[in-house]
Every structure is written in C-alpha cells, then in structure tokens.
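Here is the structure we will look at.
Please read these numbers as outputs of a predicted model, since none were measured by experiment.
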Amino acid sequence: MHYTSIENIHKVIEPLFLDDLKAELANILEIKVNKTRLSRLEEFRNKLSSLTFLDPACGSGNFLTETYISLRRLENEALRAIYDGQKMFNLDGLIKVGIHQFYGIEINDFAVTVAKTALWIAESQMMKETEEIVEHDLNFLPLKSYANITEANALRIDWADVVPKEKLSYIMGNPPFVGYSLQSKEQKANILSIYVDEKGKPYKTAGKIDYVAGWYFKASSLMHSTTIQTAFVSTNSITQGEQVASVWKPLFERFEVY
C-alpha cells in the first residue's frame, strides 16, 4: 500500500473530470425557470450515477473513496437545491451515486480489505450528510451495496475483466514507480509481458523503462477506440532523457496516443 494525499488526489481528479462537473452544476443552479432547473438537476444526478471509475493500483482505496465522496457531495448539493428544505416521505431511489461505480485492482490482500472497508465507511459518512438534507433517517445497515476491488497483479490481469471498457468512464490512480535498475525479476517480467508490439514481441527498450510505464501501456490499450480518459500520478523520469522514446514511442505507434 502507498498513500496519496487528498491534495494530490485532487490534482489528478479535478482536471480529469471534477472541475467540469462542478461547473456544470453551477450553471444548472443559475437557471431561473424552476421547472427547467429541477429537470436539469435530475439529469445531472443521473449523469453522476452513470460514471464508472477504475484505479488499477488502488492500494488502500484513497483515490476511489475521495472520488466517491466528491461525487456524492455534488449529488447532495443537487438534492439540496431540488428539495430546498421540504419534508421528504418517498425516499425510494433518493441516492443515485453508489460505490458499485468504483473499481480497483490491488495485489496486496490486506490492502484490498482496507479499500473495501474505506468505501463502506465513505458511503455511511455521505449518507449521514444526505439525511441532514432530507431530514429523514436512511437505512444503511445491513450493508446492501458492494465494493468492486479485485485482488490481482494489475500488469498481468486483463482490466476489461474487472470492468468492461464500454462501461468505463475514467482510469486514475498512483501506480508504483520503480526504476529499471531497481526492479525485481518479477517486475521486469511483468513489463516485458505487456510492452509488446502487434506481433506480441517485447520492444527492445522495454527492459529499461520505469515500472510505472506498464500502467500507461495497459491504460492506453484499454482506452483505444473508446471515450475513456486517464490520469495518473507519475514520476517525471518518463518525460525526460532516454525513457521518453522508450516509453512513449510504442504507445504512439500502437494506440494512436494524442
């Protein structure tokens, strides 16, 4: 497990999708016609519930939980504008954003358990905030939702087996950085197994790139010919020196990266 601060998580998720969602909600709240505004708010909540996220190096789940909390806060803001202090009686389907929209891959079994627990705690926390808005107790226990955290080696598993790419909206996270001189035999083998050309042959320079490049290759493969967008925390080693051509040239050749 490795920890990413909330501040650094937001440096990734805000330009990736959160800034646009905040701006969209702000524009909706400015609509003067009440019926139109309420309709657009419901559409916005439906949009939030349709988004799906994958962290393929999720550790203890920091990226997933913070993203879930950020989306639920947007949903709560929309709910506050919709109900505006009215007493609620029919609460069926009230909360649309759920932890089932968040997927993770993690190799450490204990970290998998922590990530699942963190999402459940976040779900409970945000439900309490919703209760304050609607002035009604919401049923949380026993746990009915689920967390999609897969215990696996992210460089060996097919990410599309974790979440179908036609369903996926965003890939994000903080994959491990390990310089090629510090990589274990297993790590070198992982890179060589995926940094391959169209014939399945490893690129000549694949044995001399940072370990994090494996996540770039896997993400590019999954994103190809889709609308999926990706942002990773990453070492600057892959943007300077000899690694630039070694890491990026295969990606441009294989997946039309722009």
Side-chain angles (χ1 to χ4, degrees), residues 1-13 15-16 54-64 66 103-115 149-162 170-224 228-258:
M1 293 179 292
H2 55 279
Y3 177 80
T4 309
S5 69
I6 300 300
E7 179 184 5
N8 285 335
I9 289 171
H10 277 268
K11 288 179 181 178
V12 173
I13 67 174
L16 182 60
L54 170 66
D55 182 346
C58 71
S60 52
N62 299 70
F63 262 92
L64 298 175
E66 184 59 25
Y103 293 77
I105 305 172
E106 171 54 41
I107 197 169
N108 182 288
D109 59 347
F110 180 69
V112 169
T113 301
V114 173
I149 312 298
T150 299
E151 181 184 338
N153 181 335
L155 295 189
R156 292 290 186 171
I157 191 174
D158 186 346
W159 295 1
D161 289 340
V162 175
Y170 299 101
I171 304 171
M172 60 196 181
N174 186 359
F177 330 136
V178 186
Y180 66 86
S181 63
L182 300 175
Q183 291 169 22
S184 66
K185 289 183 178 180
E186 181 181 4
Q187 290 171 330
K188 289 181 182 295
N190 288 337
I191 289 291
L192 291 173
S193 72
I194 63 167
Y195 234 85
V196 297
D197 60 24
E198 293 179 347
K199 296 180 180 180
K201 184 178 179 181
Y203 286 96
K204 293 180 179 180
T205 55
K208 294 186 177 181
I209 57 178
D210 194 294
Y211 198 49
V212 75
W215 274 261
Y216 277 83
F217 198 96
K218 296 274 283 190
S220 298
S221 176
L222 195 66
M223 293 167 65
H224 188 55
I228 299 169
Q229 298 181 53
T230 299
F232 288 139
V233 177
S234 192
T235 172
N236 62 7
S237 67
I238 61 172
T239 62
Q240 58 190 16
E242 64 178 348
Q243 291 223 14
V244 173
S246 300
V247 171
W248 297 103
K249 190 171 184 291
L251 296 187
F252 278 84
E253 289 178 349
R254 288 291 308 279
F255 308 118
E256 300 175 3
V257 176
Y258 296 102

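Distance CG/L54 to CG/L222: 7.5 Å, rounded to 0.5 Å. Rounding to the nearest 0.5 angstrom, the gap separating the CE atom in M223 from the CG atom in L251 is 10.5 Å. From I191, atom CD1 reaches atom CH2 of W215 across 7.0 Å, with rounding to the nearest 0.5 Å. Within the model, atoms OH of Y211 and CG of N190 stand 4.0 Å from one another, a figure rounded to the nearest 0.5 Å. Rounded to the nearest 0.5 angstrom, D55 CG and I13 CD1 are separated by 11.0 Å. Going from atom OG1 of T230 over to atom CG of L16 covers 7.5 Å, rounded to the nearest 0.5 Å.
Side-chain contact between V233 and V12 is present, with heavy atoms from C-beta onward closer than 4.5 Å. At a threshold of 4.5 Å between non-hydrogen side-chain atoms, the residues C58 and F63 do not count as touching. With a 4.5 Å cut-off on side-chain heavy atoms, L155 and S193 do not count as touching. The closest side-chain heavy-atom distance from R156 to I194 is not below 4.5 Å.
A donor atom on one side chain and an acceptor atom on the other are found under 3.5 Å apart for T4 and N174.
Not counting sequence neighbours, the partners of E66 by the side-chain hydrogen bond (donor to acceptor under 3.5 Å, both in side chains) test are H10. Partners of Y216 according to the ring-ring contact (aromatic ring centres under 6.0 Å, His included) rule, which considers only residues two or more places apart in sequence or in another chain, are F232, W248.
Between the side chain of R254 and the main chain of Y195, no donor-acceptor pair closer than 3.5 Å is present. Side-chain N or O atoms of T150 include none that pairs as donor or acceptor with a backbone N or O of A152 at under 3.5 Å. A distance-only check finds a donor-acceptor pair linking the side chain of W159 to the backbone of A154 [under 3.5 Å].
Across all non-hydrogen atoms, the minimal contact from E242 to S246 is O-OG, 3.2 Å. Taking both residues in full, the closest heavy atoms of D210 and P176 are given as OD1-O, 4.4 Å, listed atom of the first, atom of the second, then distance.
Residue K188 qualifies as enclosed at atom NZ: its count of foreign heavy atoms under 6.0 Å is above 12. Counting non-hydrogen atoms of neighbouring residues, nucleotides and ligands closer than 6.0 angstrom, the CD atom of E186 reaches no more than 12 such neighbours.
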List the atom pairs, with distances to 0.1 Å, where a side-chain N or O of residues 177-184 and a protein N or O form a donor-acceptor pair under 3.5 Å, not counting sequence neighbours.
residue: Q183; atom: NE2; partner: V178; partner atom: O; Å: 3.0
residue: Q183; atom: NE2; partner: I209; partner atom: O; Å: 2.8
residue: S184; atom: OG; partner: Q187; partner atom: N; Å: 3.1

